[in-house]
*Asks:* 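Would you mind keeping the following structure in view while I ask a few things?
Fair warning: this is a prediction, and the values are worked out from it, not measured in the lab. A note on names: the letters A, B, ... follow the listed sequences, proteins ahead of strands, and every chain is numbered from 1.
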2 protein chains.
Amino acid sequence: MRTLLLVVSALFLSTCFAASQMPSTLTLMPVPAKIELGTGQLVIDQLFTVSVTGAKDARLDSGIPRFLDQLSRQTGMPLNKQPADSAKATLVIRCENAGRKVQELGEDESYTLELTPARATLTARTPLGVLHGLQTFLQLVEPAPAGFAVPVLSIHDEPRFAWRGLLIDVCRHFIPLDVMKRNLDGMAAMKMNVLHWHLSDDEGFRVESKKLPKLHELGSQGQYYTQAEIREFIGYARDRGIRVVPELEMPGHSRSIVVGYPELASQPGPYPPGRVARDATALDVTQEKTYKFLDKLIGEMASLFPDAYLHIGGDEVDDKPWNSNPKIQEFIHAHGMKDNRDLQAYFNKRLENIVSKHGKVMMGWDEVLHPDLPKTVVVQSWRGQESLAAAAKQGYRGLLSNGYYLDLMWPAARHYAVDPMSGAAATLTPDEAKRILGGEACMWAEYITPETIDSRIWPRLAAIAERFWSPQDVKDPKSMYQRLDEVSWRLGWLGLTHESNYVPMLRRLAGTEDIRTLRVLADAVEPTKDYTRTEVYPQPPVQSVPLHRLVDAARPESAVARRFAELVGNYIESGYKDSAAEAQIRAWLVKWQGNHPTLKPLLESSFLLAEDQPLSEDLATLSTAGLQALDSIGKNQPLPEAWRSEQLAVAERSMQPRANLLIMVAPSIQKLVEAASPPPATHP
Amino acid sequence: MRTLLLVVSALFLSTCFAASQMPSTLTLMPVPAKIELGTGQLVIDQLFTVSVTGAKDARLDSGIPRFLDQLSRQTGMPLNKQPADSAKATLVIRCENAGRKVQELGEDESYTLELTPARATLTARTPLGVLHGLQTFLQLVEPAPAGFAVPVLSIHDEPRFAWRGLLIDVCRHFIPLDVMKRNLDGMAAMKMNVLHWHLSDDEGFRVESKKLPKLHELGSQGQYYTQAEIREFIGYARDRGIRVVPELEMPGHSRSIVVGYPELASQPGPYPPGRVARDATALDVTQEKTYKFLDKLIGEMASLFPDAYLHIGGDEVDDKPWNSNPKIQEFIHAHGMKDNRDLQAYFNKRLENIVSKHGKVMMGWDEVLHPDLPKTVVVQSWRGQESLAAAAKQGYRGLLSNGYYLDLMWPAARHYAVDPMSGAAATLTPDEAKRILGGEACMWAEYITPETIDSRIWPRLAAIAERFWSPQDVKDPKSMYQRLDEVSWRLGWLGLTHESNYVPMLRRLAGTEDIRTLRVLADAVEPTKDYTRTEVYPQPPVQSVPLHRLVDAARPESAVARRFAELVGNYIESGYKDSAAEAQIRAWLVKWQGNHPTLKPLLESSFLLAEDQPLSEDLATLSTAGLQALDSIGKNQPLPEAWRSEQLAVAERSMQPRANLLIMVAPSIQKLVEAASPPPATHP
């Protein structure tokens with residue numbers, strides 16, 4: 001009875017928040033659809049137990065102990081993993097239905113979580129909803145004066161989009177399964193539900209084929225997953241509510257196929273094994289044996305991968321091998337096709353027959369779109385909302401990936417601002433809009449290794465995950481960053497190394513324990529953006545280029561630069577009156593100014609760091625300018641134009657890639673310089 | 001020919017160092033027996049290859065790819081793992097003999113490493129020497145202006161002691177095999193060669209027994225290693241040159257045995273399963289069925305563990321169960337024994353018969369020593385060199401563990417100063433001295449978990465490893481610490497978490513990302529020493545006490561306190577003239593003084609941190625006193641005695657355990673206080 005009163009009073013006092021106004025004390029990510037906040041807490045101590053009622057599902061049998069392990073890791077408390085009686089359990093779970101044998105697109109993922117001072121109740125229609133609700137619960141646990149606790153509240157949650165994916169390219173650099181798995185754990189924590197596994201490309205064919213063994217034997221440099229490993233991995237993903245959609249690239253990006261089967265190529269080759277730079281390869285789609293081969297391959301892969309969707313790539317087909325093969329050009333002519341584009345459409349149509357014959361829905365990148373293809377085909381857009389909307393208008397379902405390329409090294413906020421339903425997609429009719437299934441972030445692997453991949457995916461992917469899950473009006477970047485900072489380190493409990501590998505990589509560069517000055521520089525820079533990275537030394541004869549320089553250790557988004565920009569913004573907005581901001585800005589500038597002399601000997605001592613000297617020097621120079629600017633603003637004595645243009649030149653240079661890095665605090669210092677020395681009035 | 005000239009000139013220029021004067025530019029640990037340093041470097045790039053000639057051994061087949069993996073991790077460079085031709089390889093290995101089928105005590109472990117600008121040559125009599133030499137090579141690789149490189153030098157190395165062990169207790173807290181394995185990797189890096197596996201104790205019996213299944217079924221709370229796992233683990237250790245010596249405790253520390261087999265106990269029980277506080281249990285050694293049981297158990301374990309040695313514990317037998325059992329007292333009387341001590345000797349003699357019948361050499365702790373036992377028995381001394389020397393004089397071989405207990409939370413230098421051949425052992429004749437086989441560090445597990453164990457073992461164990469391996473005159477703590485700081489982070493490449501778990505544990509305590517102020521406090525404290533730790537809340541009903549407080553996150557030895565003590569030492573020794581030291585001391589004191597007000601709200605917000613408030617407050621108070629002292633010294637104006645005694649009281653309190661922690665910078669601040677206010681002259 002006392003319990004009931006507490007519940008009622010808690011609900012009475014509760015406040016209902018639109019998701020976009022979630023209270024800042026909660027670090028939920030993605031933000032749930034609806035929250036009602038009460039008062040008080042449910043204490044989580046070592047007596048914590050869980051009960052489950054309702055439908056049986058193997059994912060609950062494994063998911064609940066995994067949840068308890070995670071809670072134990074997060075709190076440092078050993079917990080009892082025996083299931084408890086519903087009447088006594090702290091967390092009572094009710095799962096209404098068992099899930100589908102193979103997880104399906106659009107299965108119900110909603111859940112309701114009710115937390116009172118006495119107990120927690122999690123209800124869901126499917127095991128998927130239960131898994132999502134458990135992740136929400138874990139995010140709510142925090143140390144409090146009375147012990148670990150979750151706040152009294154009520155959440156009803158469901159995803160905005162049914163397809164919330166991450167593509168991982170394992171061709172350019174092979175990614176071992178343990179690394180893949182910890183990333184699945186991260187995805188599950190962020191309620192993502194599709195791993196798009198980019199398994200074949202010019203650089204490697206990464207799946208064992210028992211029917212066409214030269215694919216992995218000759219096309220993988222020995223780096224591939226066995227079928228047994230793949231089955232186990234798919235089970236691991238399923239346990240976490242994640243579908244695995246394989247991608248096998250064709251007819252372009254197919255060098256690794258023709259290494260073993262050169263008779264399928266449009267040019268005679270040779271195609272020697274070994275990892276090489278991407279070169280022009282395309283399957284000869286005019287010969288029947290190519291289709292026999294693909295029928296065999298897709299038949300085998302369709303039974304290995306249970307998911308209903310199979311991605312055939314289809315992007316960036318290089319014309320050269322087709323153009324320079326007279327037989328192919330003759331075929332185009334003989335069949336009344338206009339060009340290579342028509343030839344690819346012909347190929348896709350035949351391919352779609354094969355894919356659907358083996359019971360799968362075909363997916364492809366933008367380029368596959370052609371009126372000849374059936375409307376079941378799903379289009380993944382690397383080109384943008386316009387392309388996506390065009391497909392939806394023609395009746396095709398689609399996914400957005402443009403704007404979510406993690407390898408471009410954009411800040412989280414830039415990805416976060418991209419909405420699958422914006423731009424041209426915003427003009428769709430409701431029926432057309434339904435065809436936008438969601439989106440996928442893409443982790444292309446030219447410049448990642450098992451050591452660095454986590455830092456390229458996390459924490460930025462969490463912001464994209466929120467875009468795919470949360471209501472459209474959840475879009476305040478400030479709130480996002482506040483929560484992202486907290487989510488990031490918590491992801492470390494899953495074994496993700498995006499934070500923990502930073503210091504070891506800096507120490508490798510320095511060859512010593514004391515990296516204080518190197519870290520000051522590393523914290524202030526970011527890898528160059530988009531596709532501007534260049535390698536500074538020639539391709540070595542074995543394996544790949546080592547990725548062990550400052551650009552590889554540096555984070556895609558510098559938290560220091562972001563916070564510094566905020567300080568400078570506040571200072572300027574206050575009309576230079578915010579003296580607390582001014583003091584902090586000054587402290588940073590003093591630190592950066594003094595860093596170079598101490599760091600210089602270290603930079604000179606290591607071949608890996610020598611290239612970073614100009615950056616360190618310019619950071620010091622810029623900081624001196626910033627300090628002069630602060631003094632000038634403080635005294636209200638504008639600095640001369642000559643000074644201004646000199647400093648702006650340094651700032652300009654600092655924002656250009658050197659050693660593939662940008663000094664990310666430069667734009668903020670530039671603002672101070674401009675404030676201290678306003679441009680002369682222009683006379684028309 | 002050019003190569004040869006280079007080699008000759010390098011040797012010509014070389015300098016020969018006694019091991020105790022190893023140049024400080026090298027971070028070798030343990031210090032090798034002999035080094036000759038040349039000039040120049042051998043560059044390690046992606047063309048690096050290894051060749052092996054001589055004897056075949058599976059440990060080389062696995063050890064060399066593992067070495068290459070490690071080199072690859074350490075440099076961030078993908079390397080070719082194909083073995084190379086001797087004429088072309090960068091590193092040419094020659095192994096003269098294959099090793100013994102089961103690694104033996106005293107097998108040759110020496111090696112010679114010659115590094116020239118053109119190539120590296122590693123020669124050893126056995127695979128063990130090769131493995132050690134590879135570890136030395138890895139420690140020499142550093143980034144240099146021309147690339148990663150090793151210096152030109154020549155090392156001849158061999159261990160001082162044949163037995164260089166680490167005991168890990170897996171009874172008080174169970175330690176999973178992955179954690180055990182990464183610690184084996186750390187041991188191998190430090191050239192240690194014995195894992196002493198403390199597998200049974202009151203709190204748990206951790207080995208599967210197929211013949212006596214109630215041992216693990218009822219005595220382990222479900223936490224034990226299967227025999228298949230143990231075999232695999234022993235193979236893992238063997239691959240790294242490490243013997244595995246099992247310990248099964250008897251006749252005391254045996255509660256986990258009598259849980260399943262109460263008929264063996266001296267008192268009727270009951271002995272319910274479940275982890276409990278240690279209570280008085282001793283096997284009834286007067287009854288024949290006890291020996292039948294032990295024959296069965298030891299027979300099974302002798303075939304599971306291939307090592308020639310089997311440790312039967314034998315320490316701290318609690319008299320109570322024997323005293324209060326009239327049948328046992330009657331037995332003592334009837335057999336003309338004086339006391340329980342004689343009874344234990346009787347037991348040990350019969351036990352030794354069983355152990356040697358099954359082909360093993362018996363080991364035990366000090367207490368087993370008794371003239372009735374054969375001289376083959378090996379005594380492990382937790383009591384000290386006196387006890388060890390006494391045993392050696394009587395003809396017994398022995399190991400020192402006293403002084404190497406890692407759970408006592410001593411600084412590395414204190415362990416480092418303990419020498420197995422010092423004290424009474426220094427007076428032994430050469431023949432007696434040979435009986436001192438070496439030593440073993442001990443990691444008792446009352447207050448460790450898989451999360452914290454690495455931080456309790458590393459890096460301090462590396463200093464002990466050096467004591468066991470390097471020549472006796474290698475004993476300068478300053479050089480040891482200089483190298484230890486570097487070795488510590490490099491051990492992280494093996495997956496050891498002693499450094500990487502620190503920040504996550506602090507964040508758990510704080511419940512937030514920003515732990516800057518908490519870290520300032522955590523860096524300045526250490527866990528209480530020796531056996532003074534007390535728990536602050538009652539034993540929970542399930543499993544064990546959570547080990548997630550500041551005392552668990554804090555390092556056994558604070559590097560900040562050590563460096564601060566050095567600064568204060570330098571300052572005082574300089575007659576207060578070292579102004580650089582003064583400035584650094586001041587900076588620390590200012591930081592500590594200002595930390596408390598910022599940290600306070602965080603300490604109040606978490607039940608885990610509330611107990612640390614007095615520490616944070618006293619750190620600030622002490623720092624204020626330290627700053628006052630600096631000012632007074634600077635002005636040469638001594639402070640009054642009242643001030644002095646007030647500050648000394650705070651310092652005194654700071655060195656007493658609170659929340660199981662000590663403020664480790666307090667003694668150094670105390671020195672400043674004393675310097676600023678000299679005690680009044682005493683009038684006799």
*Asks:* Among B/Met505, B/Gln74, B/Arg508, which residue forms the greatest number of heavy-atom pairs with chain A at distances under 4.5 Å?
*Replies:* B/Arg508
*Asks:* To the nearest 0.5 Å, what is the distance between OG1 on A/Thr512 and CH2 on B/Trp489?
*Replies:*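 Going from the OG1 atom of A/Thr512 to the CH2 atom of B/Trp489 covers 7.0 Å.
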*Asks:* Strictly distance-based, threshold 3.5 Å: is any side-chain N or O of B/Glu486 a donor or acceptor partner for the main-chain N or O of A/Glu513?
*Replies:* yes
*Asks:* Give, as side chain, backbone, both or neither, the part of B/Ser605 having an atom under 4.5 angstrom from any heavy atom of chain A.
*Replies:* backbone
*Asks:* Name the region of A/Ala610, side chain, backbone, both or neither, that has any atom closer than 4.5 Å to a heavy atom of chain B.
*Replies:* neither
*Asks:* Going by the angle between their ring planes, with limits at 30° and 60°, are A/Phe148 and B/His548 parallel, tilted or perpendicular?
*Replies:*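 If you compare the ring of A/Phe148 with that of B/His548, the planes turn out tilted.
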*Asks:* Does any heavy atom of chain A fall under 4.5 Å from the side chain of B/Arg490, the backbone, both, or neither of them?
*Replies:* side chain
*Asks:* Does any part of the side chain of B/Pro546, heavy atoms only, come nearer than 4.5 Å to the side chain of A/Gln46, both counted from C-beta?
*Replies:* yes
*Asks:* Counting heavy-atom pairs under 4.5 Å to chain A, which of B/Ala146, B/Ser72, B/Gly147, B/Ser606 comes out on top?
*Replies:* B/Gly147
*Asks:* Can you name the closest pair of heavy atoms from A/Phe607 and B/Pro145 and give their distance?
*Replies:* CB-O, 3.2 Å
*Asks:* Report which part of B/Ala510 has an atom under 4.5 Å of a heavy atom belonging to chain A: side chain, backbone, both, or neither.
*Replies:*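 Looking at B/Ala510, just its backbone touches chain A.
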*Asks:* Just so I understand: if I count every heavy-atom pair under 4.5 Å between each of A/Arg507, A/Met77, A/Glu451, A/Glu142 and chain B, which residue has the most?
*Replies:*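 Most heavy-atom pairs within the cutoff with chain B belong to A/Arg507.
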*Asks:* Between B/Thr75 and chain A, which part of the residue has a heavy atom less than 4.5 Å away: side chain, backbone, both or neither?
*Replies:*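 Answer is backbone: N, CA, C or O of B/Thr75 sit under 4.5 Å from chain A.
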*Asks:* What part of B/Glu499 lies closer than 4.5 angstrom to a heavy atom of chain A: side chain, backbone, both or neither?
*Replies:*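 For B/Glu499, the side chain is the part near chain A, not the backbone.
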*Asks:* For B/Lys181, does the NZ atom have more than 12 heavy-atom neighbours from other residues, nucleotides or ligands under 6.0 Å away?
*Replies:*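 Yes, because the 6.0 Å sphere around NZ of B/Lys181 holds more than 12 heavy atoms from other groups.
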*Asks:* At a heavy-atom separation under 4.5 Å, does B/Leu509 approach chain A through its side chain, its backbone, both, or neither?
*Replies:*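 The answer is the backbone of B/Leu509.
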